[in-house]
K.L.:
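This structure is in structure tokens; I'll ask about it shortly.
Sequence positions, counted from 1, serve as the residue numbers for this chain.
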Amino acid sequence: MQKKMIVSEISRLVDVEPPNMSSGSTEPRRLFELIDESLALGLTAHTKQGMAREIVELSGGIWLSAYESSGATITRGGLLAVLSAVQVITGVEHAPATHRQLKAAVPG
């Protein structure tokens with residue numbers, strides 16, 4: 001699944017319009033703000049990486065360092081972890097992905 005498709009699915013789950021993607025499929029910070037606002041999570045982080053980490057951890061998931069890359073970007077694996085977290089929080093899925101499943105989604 002491409003990053004744009006993951007962003008679209010997350011947006012659908014929280015019932016918002018998908019934010020515009022930047023060049024190179026860079027996810028906008030606004031995505032994480034919309035998740036926070038729509039689900040009333042009360043995130044305290046102000047960076048994309050921090051917000052994504054909080055969302056995943058609030059669902060009971062594990063945030064891996066491989067989910068972040070240079071330039072304040074979340075990797076595809078990180079976006080998949082956020083998608084899984086949103087599914088858990090919204091009740092679409094009942095259990096967070098295990099550490100083994102998350103590591104398998106990250107190449108390398």
K.L.:
Working to the nearest 0.5 Å, report the span between CG of Leu83 and CD1 of Ile55.
P.N.:
11.5 Å
K.L.:
With rounding to the nearest 0.5 angstrom, report the CD1 to CD1 distance, Ile74 to Ile6.
P.N.:
12.0 Å
K.L.:
Please name all residues satisfying salt bridge (charged side-chain N to carboxylate O under 4.0 Å, His left out) with Arg12, sequence neighbours left out, ordered by chain then number.
P.N.:
Glu9
K.L.:
For the side chain of Ser59 and the backbone of Val56, is there at least one donor-acceptor N/O pair under 3.5 Å apart?
P.N.:
yes
K.L.:
Start with the C-alpha distance between Ser11 and Leu34, add both sets of side-chain angles, then the distance that settles side chain to side chain contact (heavy atoms under 4.5 Å, CB included), and finish with yes or no.
P.N.:
CA-CA 8 Å; Ser11 298; Leu34 289 168; 5.7 Å; no
K.L.:
Under a 3.5 Å cutoff, is there a donor and acceptor pairing between the side chains of Trp63 and Glu68?
P.N.:
yes
K.L.:
Measuring from atom CD of Glu27 to atom NZ of Lys3, what distance do you get when rounded to the nearest 0.5 angstrom?
P.N.:
4.5 Å
K.L.:
For the residue pair Leu58 and Leu43, establish whether any side-chain heavy-atom pair is separated by less than 4.5 Å.
P.N.:
yes
K.L.:
With side chain to side chain contact (heavy atoms under 4.5 Å, CB included) as the test, would you mind laying out the steps for Met21 and Gln2 before giving the verdict?
P.N.:
CA-CA 12 Å; Met21 299 286 285; Gln2 295 178 348; over 6 Å; no
K.L.:
Find the distance between OG (Ser8) and CG (Leu31) and round it off to the nearest 0.5 Å.
P.N.:
9.5 Å
K.L.:
Which pair of heavy atoms, one from Ala81 and one from Tyr67, lies closest together, and at what distance?
P.N.:
CB-CE1, 3.6 Å
K.L.:
Assess whether side chain to side chain contact (heavy atoms under 4.5 Å, CB included) is satisfied between Arg29 and His46, documenting all intermediate values.
P.N.:
CA-CA 9 Å; Arg29 181 174 179 263; His46 299 287; 4.0 Å; yes
K.L.:
Hey, does Ile35 have a side-chain heavy atom less than 4.5 Å from the side chain of Ile89?
P.N.:
no
K.L.:
Got a sec, which residues hit salt bridge (charged side-chain N to carboxylate O under 4.0 Å, His left out) with Glu57, two or more places apart in sequence or on another chain?
P.N.:
Arg53
K.L.:
Once rounded to the nearest 0.5 Å, what's the spacing between atom NZ of Lys4 and atom CG of Leu79?
P.N.:
14.0 Å
K.L.:
Hey, is Glu33 close enough to Lys48 for a salt bridge, meaning N to O under 4.0 Å?
P.N.:
no
K.L.:
Drop me the distance from Thr44's OG1 to Glu54's CD, to the nearest 0.5 angstrom.
P.N.:
3.5 Å
K.L.:
What are the two closest heavy atoms between Phe32 and Ala52, and how far apart are they?
P.N.:
CE2-CB, 3.8 Å
